[in-house]
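Everything quoted here is computed from the prediction, not taken from an experiment.
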Amino acid sequence: MKVTKFYFANQGKVYTLIVTAPDNVPKYRLKEIFDKNFVGKGSSLTFDPTVFKQYNGTYTVS
């Protein structure tokens, strides 16, 4: 398993999204999911544990 970090801002606050996924999942695939589900979401950002499920991945936001 590998850990990948993405950073994004939402309503003036900076968040860190930490994705844990198998080693064989390319980072660009994780980035595509990140962009689709987190970038530009504003106040509609919600936690959905199935976001990275297709790659057997999990995530946390801090």
Side-chain angles (χ1 to χ4, degrees):
M1 299 297 270
K2 68 178 173 183
V3 174
T4 305
K5 293 182 182 181
F6 298 104
Y7 301 95
F8 65 100
N10 188 349
Q11 297 182 342
K13 187 173 178 183
V14 176
Y15 294 91
T16 303
L17 181 125
I18 302 170
V19 180
T20 304
D23 292 332
N24 64 341
V25 178
K27 185 174 180 178
Y28 75 90
R29 291 287 184 205
L30 300 176
K31 176 81 166 102
E32 289 172 351
I33 295 171
F34 167 74
D35 289 345
K36 178 181 174 187
N37 291 282
F38 295 96
V39 175
K41 292 297 181 181
S43 62
S44 66
L45 185 65
T46 57
F47 179 77
D48 180 1
T50 64
V51 171
F52 293 95
K53 186 177 181 176
Q54 73 188 69
Y55 294 115
N56 296 319
T58 61
Y59 75 97
T60 59
V61 176
S62 58

*Asks:* Run the side-chain donor-acceptor check on residues 24-35: report pairs under 3.5 Å with partners two or more places apart or on a different chain.
*Replies:*
residue: Arg29; atom: NH1; partner: Glu32; partner atom: OE1; Å: 3.2
residue: Lys31; atom: NZ; partner: Asp35; partner atom: OD1; Å: 2.7
residue: Lys31; atom: NZ; partner: Asp35; partner atom: OD2; Å: 3.3

*Asks:* Ser62: which residues meet the side chain to side chain donor-acceptor pair (under 3.5 Å) condition with it, sequence neighbours left out?
*Replies:*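 For Ser62 there are no side chain to side chain donor-acceptor pair (under 3.5 Å) partners, ignoring immediate neighbours.
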*Asks:* Mind listing the closest non-hydrogen atom pair of Asp23 and Met1 along with its distance?
*Replies:*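 Looking at all heavy atoms of both residues, the shortest contact is OD1-C, 3.2 Å.
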*Asks:* Using a 3.5 Å cut-off and no angle test, enumerate the donor-acceptor pairs between side-chain atoms of residues 45-53 and protein atoms at least two apart in sequence or in another chain.
*Replies:*
residue: Asp48; atom: OD1; partner: Thr50; partner atom: N; Å: 3.1
residue: Asp48; atom: OD1; partner: Thr50; partner atom: OG1; Å: 2.7
residue: Asp48; atom: OD2; partner: Thr50; partner atom: OG1; Å: 3.3

*Asks:* Quick one: which of Phe38, Tyr59, Phe8, Phe6 gives a ring-ring contact (aromatic ring centres under 6.0 Å, His included) with Tyr15?
*Replies:*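 Filter result, single survivor: Phe8.
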*Asks:* Under 4.5 Å between side-chain heavy atoms, chaining through other members, with only Ile, Leu, Val, Met, Phe, Trp and Tyr counted: pull out the rest of the cluster around Ile18, sorted by chain and number.
*Replies:*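 Its cluster partners, ordered by chain and number, are Val3.
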*Asks:* Kindly write out the residues that satisfy ring-ring contact (aromatic ring centres under 6.0 Å, His included) with Tyr55, not counting sequence neighbours, or none if the list is empty.
*Replies:*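 Listed in chain order: nothing, the list is empty.
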